[in-house]
Amino acid sequence: MTITEKILAQHAGKNKVTPGDLITAKLDFVLANDITAPPAIAEFEKIGAKKVFDPARIALVPDHFTPNKDIKSAEQVKLMREFAAKYGIVNFFEIGKMGVEHALLPEQGLVVPGDCIIGADSHTCTYGGIGAFATGVGSTDMAAAMITGETWFKVPPSIKVVYHGKPGKWISGKDMILHLIGQIGVDGALYKSLEFCGEGIENLSIEGRLTMANMVIEAGSKNGIFVADKKTLDYYKARAKREPRVYTSDTGAEYERIIDIDTSALEPTVACPDLPSNTKPVSRLGEIKVDQVVLGSCTNGRIEDLRIAAAIIKNKQVSPDVRFIVIPATQQIYLQAMHEGLIETFIKAGAAVSTPTCGPCLGGHMGILAEGEVAVATTNRNFTGRMGHIKSQVYLASPAVAAATAVTGYISSPESLNGR
Amino acid sequence: MEKKITAKVWTFGDDINTDLIIPARYLNTFDPKELAKYCMVDADADFPQKVQPGDAIVAGKNFGCGSSREHAPIALKAAGISCVVAKSFARIFYRNAINIGLAIVECHEDIPVKDGEKIDIDFENGEITYSDRTFESTQFPEFMKELIQAGGLMPWIKARGLV
């Protein structure tokens, strides 16, 4: 069996599962945000539920439109807050303790390797980066899971992606996953599991793996999975709220397809509008002038991302034609970035630094684009109108490309800054 | 659910994502009537005015990709859409549609229908008819049929005594 199959079998109380099996799995953790929790709460109450399956295994994270952007958003968060208080849900994250959910929960050790997790947010798949089975669902599925502590799954077939060789200096998890999505398309792994391995993965940081797992949904995938190795367990030593369980794929595990990628040949890559699969190496883009650069989100708002960007922009200035918005993904990351002087570097360079929020990624607030404007973002989606006006455009890129672009005002590889 | 419907069609292409179905700027509420006002506006600005109760959507592959927002099928249903026919559905949208009771039909074939024309959808026999041609749709697995018959996921868990 694969890692995914083993986790699902264990949570379904079975010795073995095979792709296509319909199973009911016990859940270790369930989550929702300020957009998806309110409808889930309404469903929960409508059916007459009296309690949640386990108040410690549910997280309600107001992150999308917070700090509350308008009255309706404030009402939605109020509903969540009251629900959390009523049912004793301790993992409700008030504004001073919050973060973008998929950066926050691994950081807080609330989701651990070997877990089976669903969340009412499509990027719940992020936790595959630490060796958990995690997938996004809608509000009704989340409501049912809050009551029963379980959900149904069809066991997905797996695709193995082997990243051979080591990445070049500026190649991050973002470039690696964008390259794959470009190769297989936005439905290239529809209903399937993507399992990542190879030297390129072993060398990748936990942050890089979370970035990659975060974007498997952009290929339609049900989940992405990485083996929890020594790096993962070291990351969890001080933070795990529960005991991690490590699963590895058997040598005879079955894969529908194996994709081989030469990591050493990868170039800094961007996804051009309007699909994450519309990828190109930066070197082949031509001159693309940008109005805004966003560094942040559940994809790339972690401390490593801020360090990479700050190192590039240090002692340089943001182009006068560019608005550079930096959003640390959690309060802890924000504080760490402050200690390391990264925030000072960004502000001195002319960037705006915001409190954690999903904000601009989904065109919510804190950086909406006007008609005709172009942005480079370290986020995960560049659909039509995603960040604002339907005639605005988003290019998805790594933190390194984002920082270099903020300096030059044109989509740039960090290498092009040499000598500036 | 009705066994057979005749519906006027609105066509859309491949990879219609949930940001197009209901843009995030309208997600500060989950009131179906409010969401219906903005259904599909970023794909077709006039859609909320044009669509009439009972109309159907015929789309390409990977319909509903992107965000997990259940607001997307809710908006379509509240706008009066009786059924979405697509070559394939993104998995979260598929679950959400079943859970909230929006009829969806998967049909791998090209249905050459144009905006404003009519199709017949026979849910029981899994057939779509357009201009005397019949197209076969994918049958739901037994479990999904059970969920649909129960009226969605919440009534289903209640019937099983899980609430």
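Chain letters run A, B, ... following the sequence lines, proteins first, then strands; residues in each count from 1.
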With chain B, the option among Trp152(A), Tyr191(A), Phe44(A) that has the most non-hydrogen atom pairs under 4.5 Å is Trp152(A)
Turns out that what part of Leu27(B) lies under 4.5 Å from chain A's heavy atoms comes down to both
When the 4.5 angstrom heavy-atom criterion is applied to Ile217(A) and chain B, the contacting part is side chain
For Lys50(B), look at atom NZ and say whether over 12 heavy atoms of other residues, nucleotides or ligands are found less than 6.0 Å away.
yes
In this structure, SG of Cys358(A) is separated from CG of Asn33(A) (nearest 0.5 Å) by 7.0 Å
May I ask you to decide if the ring planes of Phe93(B) and Phe89(B) are parallel, tilted or perpendicular, using 30° and 60° as cut-offs?
parallel
Whatever's closer than 4.5 Å to a heavy atom in chain A on Leu162(B) counts as both
* Give a yes-or-no answer on whether the side chains of Arg95(B) and Thr151(A) include a donor-acceptor pair shorter than 3.5 Å. => yes
From the list Leu190(A), Thr384(A), Asp141(A), the residue making the most non-hydrogen contacts under 4.5 Å with chain B is Asp141(A)
When the 4.5 angstrom heavy-atom criterion is applied to Ile47(A) and chain B, the contacting part is both
Turns out that what part of Ile100(B) lies under 4.5 Å from chain A's heavy atoms comes down to side chain
Quiz item: Does some side-chain heavy atom of Thr126(A) sit less than 4.5 Å from a side-chain heavy atom of Leu105(A)?
Solution: no
>> Hydrogens and angles aside, do Ser193(A) and Asn223(A) bring a side-chain donor and acceptor to less than 3.5 Å of each other?
In response: yes
| message | Taking the side chain as everything from C-beta on, heavy atoms only, tell me whether Thr379(A) gets closer than 4.5 Å to Arg386(A). | response | no
The interface call for Leu362(A) against chain B, heavy-atom contacts under 4.5 Å, is both
Requested in this report: Using distance alone, with no hydrogens and no angle criterion, decide if Thr66(A) and Asp63(A) have a side-chain donor and acceptor under 3.5 Å apart.
Outcome: no
Most heavy-atom pairs under 4.5 Å with chain B, out of Gly388(A), Gly363(A), Gly385(A), Ala144(A), belong to Ala144(A)
Looking only at Ala43(B), Pro155(B), Ala24(B), Gly66(B), the option with the highest number of non-hydrogen pairs under 4.5 Å against chain A is Gly66(B)
Highest number of heavy-atom pairs under 4.5 Å with chain B among Gly119(A), Ser139(A), Gly364(A) belongs to Ser139(A)
- Is there a donor in the side chain of Asn62(B) and an acceptor in the side chain of Ser88(B), or the other way round, less than 3.5 Å apart? no
Among Lys51(A), Lys72(A), Lys50(A), the residue with the most heavy-atom pairs under 4.5 Å to chain B is Lys72(A)
Applying a strict 4.5 Å limit to non-hydrogen atoms, the region of Asp70(A) in contact with chain B is side chain
request  = Keeping the roles fixed (side chain from Glu70(B), backbone from Thr140(A)), state whether a donor-acceptor pair exists under 3.5 Å.
outcome  = yes
When the 4.5 angstrom heavy-atom criterion is applied to Glu43(A) and chain B, the contacting part is both
Between Asn380(A) and His123(A), do the side chains contain a donor N or O and an acceptor N or O under 3.5 Å apart?
yes
Fill in: Sub-6.0 Å ring centroid separation between Tyr130(B) and Phe135(B)
no
* May I ask you to check whether Phe29(A) and Tyr127(A) place their ring centres under 6.0 Å from each other? => no
When the 4.5 angstrom heavy-atom criterion is applied to Thr18(B) and chain A, the contacting part is neither
Applying a strict 4.5 Å limit to non-hydrogen atoms, the region of Leu147(B) in contact with chain A is side chain
The interface call for Tyr94(B) against chain A, heavy-atom contacts under 4.5 Å, is side chain
Honestly, the part of Leu275(A) sitting under 4.5 Å from a heavy atom of chain B is side chain
Ranked by heavy-atom pairs below 4.5 Å to chain B, first place among Ile71(A), Val137(A), Thr124(A) goes to Val137(A)
So, the part of Ala42(A) with a heavy atom under 4.5 Å from chain B: the answer is side chain
From the list His71(B), Arg69(B), Arg25(B), the residue making the most non-hydrogen contacts under 4.5 Å with chain A is His71(B)
Whatever's closer than 4.5 Å to a heavy atom in chain A on Glu142(B) counts as neither
